[in-house]
S.K.: 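Take a look at this one; I'll ask things after.
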There are 2 protein chains.
Amino acid sequence: MSTTLTYPHRIAFSVEVAIALPHRATTEAAGGGEPSPIMEPHFPDRNDGDDLIELLFFAYRDFVADPDRILAEYGFGRAHHRVLHFVDRYPGLTIAELLDILRITKQSLNRVLKDLIEQGYIAQRTGTNDRRQRLLFCTDLGIRFAEELSRVQMRRVARALVDQPRRGANDDPGEALASAQGFLLAMIEPEERAVVTRLMARRAKAAA
Amino acid sequence: MSTTLTYPHRIAFSVEVAIALPHRATTEAAGGGEPSPIMEPHFPDRNDGDDLIELLFFAYRDFVADPDRILAEYGFGRAHHRVLHFVDRYPGLTIAELLDILRITKQSLNRVLKDLIEQGYIAQRTGTNDRRQRLLFCTDLGIRFAEELSRVQMRRVARALVDQPRRGANDDPGEALASAQGFLLAMIEPEERAVVTRLMARRAKAAA
DNA sequence: GAGATATGTCAACAACACTGACTTATCCGC
DNA sequence: GCGGATAAGTCAGTGTTGTTGACATATCTC
């Protein structure tokens, strides 16, 4: 069986220019007299940066539109999805951890969490180490719902890696995956990157 | 002057597995009898897809947090930013075009647009070809404000391309830019990709 | 036992999206 | 030039999701 990869849309705008400056220039080594400015990376052509900013907007717009359609059928919103997703993927998450992930207030979280608990998608258990904590878990119903929502987003992401226009010899979707993960991770606030990787490592560990 | 590129955070989770299937398998060519299923791309390891989904969430979360801080000082919100951004980058945009970009209702747009017009950031001109249209332009004030908001996002994106962990020989930030643009474009709804590239091409043309 | 911490809750409010209905100005085809 | 379609503006009501501020309860830690 022969298969063909199709690249339906090639990028029309210029991508040839590179970032001129590294994150920090090591000018300190040169001499002692000059002040040591932190060199900011920048785009030689502003349009490149703007294109990326806009593409992120468009990508996210369509990325959330998929689950939104399903959520509407259930009478839930995006906020419910986010909670369900993280509880599904990180069983035993505490309220405090969830608040730090979502960056919302306790009151905002509680509203949607209460909906999900009352309707049987999420269950709470008192922490064993610390009985003040409420550990969050998905019920079977919750797992199935999370799965259904995940499916459409997974499909879009997988398709993106396949459809993604290829540059030169870099023709491997595994490369595309690593590349996309690297870029998105680097978009996260630097001090927060370790927090995110640690969170995700937790999942990898649980699977093993 | 010698410079060093620093790669502060390497990805800890596995990225070695590839997408198994192309967007559409051309099984139609083989025979007539079998139904022709549309083969969906998928992840051999679900965790890879989930990681990407979560990274997109975290990246977007921090990406919008930058301008949000500035907007709060001006008494504006995210919705104002989106309008200002697109009007700034695509002068002469019509209401209908803006609605299609933002995917919101006329009423939602009007509320924030009115704020921006009243406070002198955006001006309207009646269309010349079609006098029903209201063409949108940024005032000098609007351009400066858009620039200020753009700067922080541009900084994050440029830094991401430099900080992004490199895979093998692929050590060029220009490559990283093209790669990120390709991925994000491919995340857009397929029928909409051409619309977006056409929009962006408009800007490239205007610059020439 | 005292203070810190994790969580839950009440109330009010703001931003931003929605629907539905209606108006005005303009364009385009006959 | 008339009539229907189209671009835009507006009024009114509603829902989701975020916020602040204040306060209660249970539990941990010292």
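Labels below follow one simple rule: chain letters A, B, ... track the order of the sequence lines, proteins then strands, and each chain is numbered from 1.
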S.K.: If you fit an axis to the five pairs at each end of the helix from C/dG1-D/dC30 to C/dC30-D/dG1, how big is the angle between those two axes, to 10 degrees?
M.R.: 30°
S.K.: Which pairs, with at least one residue in residues 119-130 of chain B and sequence neighbours excluded, count as a side chain to side chain donor-acceptor pair (under 3.5 Å)?
M.R.: B/Asp130-B/Arg132
S.K.: Which residues pass the salt bridge (charged side-chain N to carboxylate O under 4.0 Å, His left out) test with B/Arg111, not counting sequence neighbours?
M.R.: none
S.K.: Who are the salt bridge (charged side-chain N to carboxylate O under 4.0 Å, His left out) partners of A/Asp66, not counting sequence neighbours?
M.R.: A/Arg69, A/Arg156
S.K.: Let's see if you get this right: which residues in residues 64-76 of chain A place a heavy atom under 4.0 Å from DNA chain C?
M.R.: none
S.K.: Should B/Glu175 and B/Ser179 count as side-chain neighbours, where that means a heavy-atom distance under 4.5 Å?
M.R.: no
S.K.: Is there side-chain contact between B/Val196 and B/Arg198, with at least one heavy-atom pair below 4.5 Å?
M.R.: no
S.K.: A/Leu102 has an atom CG; how far is it from atom C1' of D/dG18, in whole Å?
M.R.: 12 Å
S.K.: Scan the side chains in residues 99-108 of chain A for donor-acceptor partners under 3.5 Å anywhere in the protein, sequence neighbours excluded, and list what turns up.
M.R.:
{"from": "A/Arg103", "atom 1": "NE", "to": "A/Asp100", "atom 2": "O", "distance (Å)": "3.2"}
{"from": "A/Arg103", "atom 1": "NH2", "to": "A/Glu192", "atom 2": "OE1", "distance (Å)": "3.1"}
{"from": "A/Thr105", "atom 1": "OG1", "to": "A/Ser108", "atom 2": "N", "distance (Å)": "3.4"}
{"from": "A/Thr105", "atom 1": "OG1", "to": "A/Ser108", "atom 2": "OG", "distance (Å)": "3.2"}

S.K.: Whole angstrom is fine here: how far is it from NZ in B/Lys106 over to P in C/dT23?
M.R.: 13 Å
S.K.: Counting only non-hydrogen atoms, which of residues 79-99 of chain B are less than 4.0 Å from DNA chain C?
M.R.: B/Ala79, B/His80, B/Arg82
S.K.: Does any pair with a residue in residues 92-117 of chain A pass ring pair (Phe, Tyr, Trp, His ring centres under 6.0 Å), and if so which ones, sequence neighbours excluded?
M.R.: none
S.K.: In residues 108-137 of chain B, which residues come under 4.0 Å of DNA chain C by heavy atom?
M.R.: B/Ser108, B/Arg111, B/Asn129, B/Asp130, B/Arg131, B/Arg132
S.K.: Mind checking whether A/Thr139 and A/Ile122 have side chains closer than 4.5 Å, heavy atoms only?
M.R.: no
S.K.: Let me know the distance between CZ of A/Arg103 and C1' of D/dT17, rounded to the nearest Å.
M.R.: 18 Å
S.K.: Which residue pairs pass the salt bridge (Lys or Arg N to Asp or Glu O under 4.0 Å) test with at least one member in residues 134-143 of chain B, sequence neighbours excluded?
M.R.: none
S.K.: Let's go through A/Phe58 and B/Leu185 carefully: what are the C-alpha distance in whole Å and the side-chain angles of both, what is the deciding distance for side-chain contact (heavy atoms from CB on, under 4.5 Å) to 0.1 Å, and is it a yes or a no?
M.R.: CA-CA 8 Å; A/Phe58 288 119; B/Leu185 181 63; over 6 Å; no
S.K.: Below 4.5 Å, heavy atoms only, C-beta onward: do A/Leu116 and A/Phe76 meet side chain to side chain?
M.R.: yes
S.K.: Table please: side-chain donor-acceptor pairs of residues 141-148 of chain A below 3.5 Å, with sequence neighbours left out.
M.R.:
{"from": "A/Glu147", "atom 1": "OE1", "to": "B/Arg46", "atom 2": "NH1", "distance (Å)": "3.3"}
{"from": "A/Glu148", "atom 1": "OE1", "to": "A/Tyr74", "atom 2": "OH", "distance (Å)": "2.7"}

S.K.: Please state how far atom CD in B/Gln107 lies from atom C1' in D/dA7, giving the value in whole angstrom units.
M.R.: 14 Å
S.K.: It should be established whether A/Thr105 places a side-chain nitrogen or oxygen under 4.0 Å from OP1 or OP2 of nucleotide D/dG18.
M.R.: no
S.K.: Show every donor-acceptor pair shorter than 3.5 Å between a side-chain atom in residues 81-96 of chain A and any protein atom, with sequence neighbours excluded, or say none if there are none.
M.R.:
{"from": "A/His85", "atom 1": "NE2", "to": "B/Glu54", "atom 2": "OE2", "distance (Å)": "2.9"}
{"from": "A/Arg89", "atom 1": "NE", "to": "B/Asp50", "atom 2": "OD2", "distance (Å)": "2.8"}
{"from": "A/Arg89", "atom 1": "NH2", "to": "B/Asn47", "atom 2": "OD1", "distance (Å)": "2.4"}
{"from": "A/Arg89", "atom 1": "NH2", "to": "B/Asp50", "atom 2": "OD2", "distance (Å)": "3.1"}
{"from": "A/Tyr90", "atom 1": "OH", "to": "A/Arg203", "atom 2": "NH1", "distance (Å)": "3.1"}
{"from": "A/Tyr90", "atom 1": "OH", "to": "B/Glu54", "atom 2": "OE1", "distance (Å)": "2.6"}
{"from": "A/Thr94", "atom 1": "OG1", "to": "A/Glu97", "atom 2": "N", "distance (Å)": "3.2"}
{"from": "A/Thr94", "atom 1": "OG1", "to": "A/Glu97", "atom 2": "OE1", "distance (Å)": "3.3"}

